Amino acid sequence: MSSDQEILGRADVNDLEAIIAITNTDMAEAIHTVEDNADAIFTWDYEKGARPALNKLYEKAKTSQWNGETDLDWSIDVDPEKVINELQGSNAAGPFQWIIEHPDSPLKNFGDKEWTELGVESLNWRLSQFMHGEQGALICTAKIVETVPWIDAKYYASTQVMDEARHVEVFAKYLQEKLTGYYPINAHLKMLLDDIVQDSRWDMTYLGMQIMVEGLALAAFGFMYQLTDEPLLKKLLRYVMSDEARHVAFGVLSLKEYYAELSDVEMRERQEFAFEAAVRMRDRFLQQEVWERMGVDGRKMVKLLLETPPDQQIFQQMLFSKIVPNCKKLGLLDASDQWLRHRFEEIGVIQFEDWADTGEEYLEFDAVTADRDAASA
Ligand SMILES: [Fe+2]
Ligand SMILES: [Fe+2]
């Protein structure tokens, strides 16, 4: 059992100095190399459908493929300021209300111009981090094809590799052609993706990527989808979400079987990994790079964001609305004397534990088949 110092590299989850000390040190490099420490596993058991839920998911994935070049209308003109005004509505300052009223607020003198600029930068930043995360998913899923011992899972994971290539492609294209290019990867996200890729245990790839990173992405895409009226981004998100829901289901269905067999000590290691991932993702949403680009005092902003009372952090909490019920379904909340439950209480996200998990929910997200049926009717 590890201490927070060992899990997070700091003894206090909210240690401001330790959080801002994590920075991206190889921004000028075009490539980044990570050891993946894993054996490639052949299986000689070719019995298709030995795991019916995974087989069903694989068959669904084969008929739900789409083409980012031809299924999205790239001729649509995008005005980033208009997108932002729709996303932010009449209350651009909403999520920062507590900070604005703080005597030490770096946002005190923000007017309409600055709020719009912050919105545009945040949109660029957020979509950029999604894009980098999608590449993480591409690499992780290729790794799962190699490392998972079950044929049904290898088959399914191969379809996810294709899905993730498409996701990286469409986010990169949207950022380059419709917005103003992309932000480098956030240091906290990079640290998390590196940790996931480096772990030699096949289930940790799933836990880090399918449950934590993709669980958060599914929730985040859902908000953005609901709030935006920009037709290209809206359809892009709708299609990505219909893939993403399958990916999270793949994690839940695979790990459910595997975790049922693990000892308490092994479960505790998974809980610690899930907690580490949750904290890294929360840290990334402090969006240090955006403050820097806006010329706002990033240290002050991060400090105030960490001090914002939990009841003012509804958006950040909602990002965990898929992760927590899925962790519960896997037995991760309550194993080892409810260790992860207590940690999720501390970071203010346990309230989602009884929301729908994603094990079956993926069928409701299937936008591609729905559109195809509508077109042929
Ligand atoms: Fe994806
Ligand atoms: Fe995915």
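All values below come from the heavy atoms of this structure, side chains included, with hydrogens, waters and symmetry mates left out. Everything numeric here is computed off the predicted structure, so don't read it as measured data. Whatever order the structure lists ligands and atoms in, that order sets their numbers, starting from 1.
For CD of Glu257, the number of neighbouring non-hydrogen atoms (other residues, nucleotides, ligands) closer than 6.0 Å is greater than 12.
Metal site remark for the Fe ion (ligand 2): Glu134 contributes no N, O or S atom at a distance under 2.8 Å. Among the atoms of Glu244, an N, O or S atom is found under 2.8 Å from the Fe ion (ligand 2). Counting backbone and side-chain atoms alike, His247 contributes no N/O/S atom closer than 2.8 Å to the Fe ion (ligand 1). Under 2.8 Å from the Fe ion (ligand 1) lies no N/O/S atom of Glu214, from backbone or side chain alike. The Fe ion (ligand 1) has no N, O or S atom of Asp163 closer than 2.8 Å.
A tilted orientation is assigned to the rings of Phe250 and Tyr156, their planes being inclined by 30° to 60°.
Because its NZ or CZ atom is both nearer than 6.0 Å to the ring centre of Trp74 and within 45° of the ring axis, Lys173 counts as a cation-pi partner of that residue. In this structure, Lys234 forms a cation-pi arrangement with Tyr225, its terminal cationic atom sitting closer than 6.0 Å to the ring centre and no more than 45° off the ring axis.
Residues Phe110 and Phe96 keep their aromatic ring centres 6.0 Å or farther apart.
Nearest N/O/S atom of His167 with respect to the Fe ion (ligand 1) is recorded as ND1. When the Fe ion (ligand 2) is compared with the N/O/S atoms of Glu164, atom OE2 turns out nearest.
Test Leu332, Asp203, Leu330, Thr358 against Ile211 for side-chain contact (heavy atoms from CB on, under 4.5 Å) and you get one pass: Leu330.
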